[in-house]
Undergrad: 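Before anything else, here's the structure in question.
Just so it is clear: chains get the letters A, B, ... in the order the sequence lines come, proteins before strands, and each one is counted from 1. When reading the values below, keep in mind they use all heavy atoms of this one structure, side chains included, and skip hydrogens, waters and symmetry mates.
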Amino acid sequence: MAEIAKVYNPSEIEPRWAQEWVEKQIYAADASSHRPMFSIVIPPPNVTGSLHMGHMLEHTQIDIIVRWKRMQGMNTLWLPGTDHAGIATQMVVERQLAEIQLDRRALGREAFEKRVWDWKEKSGNLIKKQMIRLGASCDWSRERFTLDPGLSRAVREVFVSLYEDGLIYRGKYIVNWCPRCQTAISDLEVVHEETQGSLYYIRYPVIGTKEFLIVATTRPETMLGDTAVAVNPDDERYKKFHGRLARLPLMNRDIPIILDELADPTFGTGVVKVTPAHDANDFLAGQRHNLPQIEIMDETGVMTQNAGPYAGLDRFEARRRVLADLEAQQLLVKSEPYQMALGRCQRCRTVVEPRLSTQWFVKVAPLAAKAIAAVEQGRTRFVPENYTKIYFDWMTNLHDWCISRQLWWGHRIPAWYCDSCGKTTVARQDPTQCAHCGKETIAQDPDVLDTWFSSALWPFSTLGWPDQTRDLKVFYPTSLMITGFDILFFWVARMMMMGLEFMGDVPFREVYIHQLVRDAEKQKMSKTKGNVIDPLVVTEKYGTDAVRFTLAIMSSPGTDIALSEDRMEGYRAFANKIWNAARFVFLSMEKAGAPPWIPPADNRFVPVPEANGAVLLEDRWLFSRLSRLAQEMARAWGAYRYHEAAHAIYHFFWGDLCDWYLEIKKLRLEAIPQKPATMPPAFENLCRAFDVALRLLHPMMPFITEELWQRLADRGGQSIALSE
RNA sequence: GGGCGGUUAGCUCAGCCGGUCAGAGCACCUGCCUUACAAGCAGGGGGUCGCAGGUUCGAGUCCUGCACCGCCCACCA
C-alpha cells in the first residue's frame with residue numbers, strides 16, 4: 001500500500017506504457033487472421049509541423065473505436081502515416097529559406113527538394129512521437145508516407161491509367177492562379193471572402209455612333225484584355241447596337257459587340273465586357289464566339305506587353321492607373337461600393353487571378369457518378385447523416401479537377417514532351433524516347449501533382465496497391481473513416497471516386513465526420529493561423545488520459561468543441577479518483593486476501609454468490625448497473641456518440657462505484673476481524689467489478705487503466721495485458 | 001443566391017424515437033483533513049429550455065414563421 005502514491009502522477013505512468021506498446025508491437029494487425037476484421041487508415045497529417053488539438057481529437061476518436069473493436073476480439077488495423085502536403089510543406093520550407101535570405105530558385109530544384117526531405121524527417125518524427133505519446137494504437141510496421149516508393153508507384157499507375165482512359169487530359173484553360181505561389185490551384189483551394197469592393201462603370205464608345213455602351217466591372221484593369229462586349233440578345237435597349245463594334249478605351253482596339261446569355265439584363269447596365277484570358281465565364285463566351293484571348297498579366301500578376309502602356313505594372317497599380325486614365329478621359333461614369341466574394345489563395349491569402357494556363361485536369365463527371373451511386377446504394381454511410389446531402393450537392397456540381405501544380409515538392413507528373421514532334425508521352429516507366437516519333441528529344445513536365453491526388457489513393461495505396469497484396473485483400477474496403485468536415489470535398493469525395501474506379505469498391509463502409517476543435521475564444525485552430533496548442537503540453541500538464549477523456553466527453557454532435565483547460569483539470573481529477581479507487585481495492589485485497597479471482601470472460605457481469613448461495617444486495621445492484629453500463633457504452637460508441645459513453649462511465653465510476661459501492665465494501669472490510677484464508681465473495685466481486693470498469697474505460701483512458709489492470713492482475717496472479 | 005448548424009442554470013454544454021429531462025461539469029453557498037481520494041466527502045441555491053403560433057391527453061423534445069449567432073457551398077460581371 002505504501003508504495004502507491006495518493007496522487008496519481010500520469011507522467012510517471014504514461015510514457016512507460018506508450019513506449020512498451022510500440023516496442024512490443026502489440027497493435028500490429030495480422031493479415032493471416034481469420035477473425036472478423038476492423039480496419040481504419042489514418043487521415044495522414046501533413047508534414048508541415050506538429051500535431052494540433054484537432055489531430056488529437058481525431059486520433060482520440062479513432063483510437064477509442066479501434067481499441068474497443070480490438071477488445072471485442074476483432075483483427076484490428078489502424079494504419080498510420082503522413083502526407084507530403086505539396087504546397088503547404090513547400091511553403092513552410094520556403095519561409096525558412098526566406099529567413100536566411102534564400103530563395104528556392106537560387107537553391108535549385110534538387111537542393112531544395114533535399115531540404116524539404118530533411119524537414120519531412122523532422123516533422124514526420126515529431127508527429128510519430130506525438131501519436132505514440134497519445135497512446136494511438138497504430139500498427140507502426142505499416143506506417144506510410146505519400147511519397148514512399150510504393151505509394152508513388154500507385155500515383156503513377158493511376159495517372160497513366162486515367163490518361164489512357166481519357167479521364168486525364170492536358171489543356172489551356174482558365175485556372176485559378178496564385179500570383180504569389182505562382183502555381184495553379186484547384187477550385188477548392190480558393191477561399192471566397194466577402195469583401196467591400198467597387199463596381200466601376202466604364203464607357204465604351206460604339207463605332208459609327210455618338211453613343212456609348214456602359215459596362216460594369218470590379219476588375220477594370222482586365223479591360224486591357226477585352227476582346228468583346230456582350231449584351232443579352234433579348235435586351236431591347238441594345239438591339240440597335242447589334243452587329244456593331246465598340247472602341248476599347250485606353251487600348252484603342254475595336255472589339256465586337258456580341259450577343260450572349262452571359263450578359264444579364266438585370267445586372268448593372270446589362271452590358272458586360274468580355275476578357276477571355278482572364279475570366280472563367282468570359283473564357284467560355286470567348287469560345288462560343290471565337291474571340292481572341294489576350295493575356296495581359298504574367299504569372300506574377302504583373303502586366304505584360306499586351307497591356308500596352310501599362311506593361312510592367314503590378315495588377316493593382318495597373319488598376320489605379322487605368323481608373324485614373326479613364327477618369328481623365330471622362331470615360332469613367334461612376335463607381336459604387338460593391339460587396340463581392342473575393343477569391344483568395346487558401347495558403348497565402350493572395351488574391352487569386354483567373355488566368356489562362358496549360359494544365360492537367362481530371363475529368364471528374366464519370367468518376368463522380370460512381371461515387372454518387374455508391375452512397376445512394378448505401379455502400380458508404382455518413383455519420384452524421386446530414387453530410388450525405390452535402391456530399392451529393394457537391395458531387396453533382398463538379399468542375400474538372402486541375403491536378404497540376406507549378407511546385408517542386410510532390411509527385412512529378414509522368415508526362416514527357418517531345419521537341420521534335422511536339423507530342424506527349426505518358427508512361428509507367430520513365431521513357432528515354434518519344435513514344436510517337438522515337439526521338440530522344442523529350443523532357444519531363446516540370447510540374448507536380450496536386451497533393452490531394454495521392455491522398456485520394458490512400459486507402460488502397462497504403463495497403464500495397466497496385467500489387468495485389470494480402471493486406472489489400474484483407475483490409476480493403478476499410479471499415480471506417482474518421483475525419484473532419486473541412487476535407488470532405490478535398491479528400492473524402494476523391495477517395496470515393498478513386499477507390500471505386502481502381503478497387504471497384506468503396507474505400508470505407510462508414511465515414512464519421514468529427515467536430516472542429518476551437519480554442520477558448522471559439523477561434524478555429526489551424527496551422528496557418530499559428531494558434532495551435534501543442535497536445536504534448538496539455539498532455540504533460542494533465543495527463544494524456546485526462547485530455548483524451550476531455551475530448552471524448554466534449555465530442556457531441558452538432559457543435560464544435562470550445563476546448564478549455566478547466567475541463568481537463570476536471571478529468572485529471574477523474575483519473576485521480578480512479579487511481580484512489582484502485583488503492584482501496586488493493587487495500588481490500590491485502591486485508592481480505594488475494595487469490596486468483598479473474599473471472600472467465602463469459603460471465604464477467606455475474607457476481608459471485610456468498611457461501612449460502614445468495615448474492616449480496618450491493619453486488620446484485622452494482623453488477624446490474626455494470627452490465628447496463630456496458631450496453632449503453634457499446635451503443636454509444638457504435639453510433640460515435642463519444643460523449644454519451646464518457647458521461648455514462650464517468651457517473652458510474654464516480655457515483656455508483658466510488659460513492660456507494662466502495663463505501664459499502666469499506667464497511668464490510670472493517671467488519672473482517674482478520675485476514676481470511678481465501679478472499680470472501682464480497683471482495684472478489686469488488687475486484688471483478690473494478691476489473692470490468694477498467695475494461696470499459698480503457699478505450700478512452702488507456703494508460704491508467706492498463707497500469708491499474710496490470711497491478712490488479714499481478715495481485716490476482718494474472719499476467720495478461722489489458723490492451724492485448 | 002443556395003444549404004446547414006446553434007440559441008437550455010453565472011460560464012461551457014448534455015438532453016437519441018414527445019410523457020421521472022429540467023440535467024452535467026465548472027463557478028457559487030454551508031458543513032467536514034471521516035485511515036482510497038481535500039484533484040476529496042455530505043448537503044444547498046440557481047433556468048417560464050431565443051421569440052410567436054400550431055399539432056397532441058401531454059413539447060427543450062414534432063410542425064410553421066420570426067429574430068439573432070456561426071459555418072459551408074456558388075462561374076452573376
Undergrad: With a non-hydrogen cut-off below 4.0 angstrom, is A/F489 in contact with a base, only sugar-phosphate, or nothing?
TA: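 Touches sugar-phosphate only.
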Undergrad: Please tell me if A/R583 has a side-chain N or O lying less than 4.0 Å from either OP1 or OP2 of B/rU35.
TA: no
Undergrad: Under 4.0 Å between a side-chain N or O of A/H651 and OP1 or OP2 of B/rA24?
TA: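 No, outside the criterion.
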Undergrad: When all nucleic acid strands are considered with a 4.0 Å heavy-atom cut-off, which category describes A/A575: base, sugar-phosphate, or nothing?
TA: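 Counting heavy atoms under 4.0 Å across all strands, no contact is made by A/A575.
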Undergrad: Can you find a side-chain donor-acceptor pair between A/D187 and A/W401 that sits under 3.5 Å?
TA: no
Undergrad: If the C1' atom of B/rA59 is compared with that of B/rU8, how far apart are they to the nearest Å?
TA: 14 Å
Undergrad: Base, sugar-phosphate alone, or nothing: which one does A/I174 contact when heavy atoms must sit under 4.0 Å apart?
TA: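 Touches nothing.
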Undergrad: To the nearest Å, how far apart are A/F574 CZ and B/rC26 C1'?
TA: 16 Å
Undergrad: Please determine whether a side-chain nitrogen or oxygen atom of A/H647 lies at a distance below 4.0 Å from atom OP1 or OP2 of B/rG25.
TA: no
Undergrad: Check whether the side chains of A/D656 and A/H651 place a donor and an acceptor atom closer than 3.5 Å, and report yes or no.
TA: no
Undergrad: Mind checking if A/R641 touches a base, just sugar-phosphate, or nothing, with heavy atoms under 4.0 Å?
TA: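 Sugar-phosphate only.
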Undergrad: Counting only distance, no hydrogens or angles, is the base of B/rC37 paired donor-acceptor with the side chain of A/K6 under 3.5 Å?
TA: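 By the distance-only test, no, there is no pair.
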Undergrad: Is A/W654 close enough to B/rC41 that one of its side-chain N or O atoms is under 4.0 Å from OP1 or OP2 there?
TA: yes
Undergrad: Just checking A/A581: base, sugar-phosphate only, or nothing, at a heavy-atom cut-off of under 4.0 Å?
TA: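 Answer is base: heavy atoms of A/A581 come under 4.0 Å of a base.
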Undergrad: In terms of the nearest nucleotide of RNA chain B, which residue is placed more toward the 5' end: A/G268 or A/E194?
TA: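 Comparing both residues, the 5'-ward one is A/E194.
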Undergrad: Check the distance between B/rC71's P and A/H192's NE2 and give it to me in whole angstrom.
TA: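 Atom NE2 in A/H192 sits about 16 Å away from atom P in B/rC71.
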Undergrad: Distance alone, cut at 3.5 Å: any donor-acceptor contact between the side chains of A/D400 and A/Y169?
TA: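 The answer is yes; a qualifying pair exists.
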Undergrad: Report yes if at least one side-chain N or O of A/T217 is closer than 4.0 Å to OP1 or OP2 of B/rA77; otherwise report no.
TA: no
Undergrad: Checking all strands, does A/L488 fall into the base, sugar-phosphate, or nothing category for heavy-atom contacts under 4.0 angstrom?
TA: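 The answer is nothing, as A/L488 stays clear of every strand by at least 4.0 Å.
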Undergrad: Could you check whether A/Y571 and A/Y542 have their ring centres less than 6.0 Å apart?
TA: no
Undergrad: For a quick check of understanding: with a heavy-atom distance under 4.0 Å over all strands, which category does A/G270 fall into, base, sugar-phosphate or nothing?
TA: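 Base, at least one base heavy atom under 4.0 Å.
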Undergrad: Once you apply the 3.5 Å cut-off to both distances, tell me the Watson-Crick or G-U wobble partner of B/rA67, or none.
TA: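 Looking at the geometry, B/rA67 pairs with B/rU7.
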Undergrad: Suppose we call a contact any N or O donor and acceptor under 3.5 Å apart; does that hold for the side chain of A/E663 and the base of B/rA42?
TA: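 No, no donor-acceptor pair under 3.5 Å.
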Undergrad: Hey, are A/N685 and A/R688 close enough side-chain-wise for a donor-acceptor pair under 3.5 Å?
TA: no
Undergrad: Give the rounded distance in Å between these two atoms: CG of A/D659 and P of B/rA36.
TA: 14 Å
Undergrad: When you measure from the side-chain N and O atoms of A/K577 to the phosphate of B/rA36, is any distance below 4.0 Å, counting only OP1 and OP2?
TA: no
Undergrad: Let me know the distance between OH of A/Y387 and C1' of B/rG3, rounded to the nearest Å.
TA: 13 Å
Undergrad: Using the ring centroid of each side chain, check whether A/Y204 and A/F212 are separated by less than 6.0 Å.
TA: no
Undergrad: Please compare A/T269 and A/M554 by the position of their nearest nucleotide in RNA chain B and report the one closer to 5'.
TA: A/M554
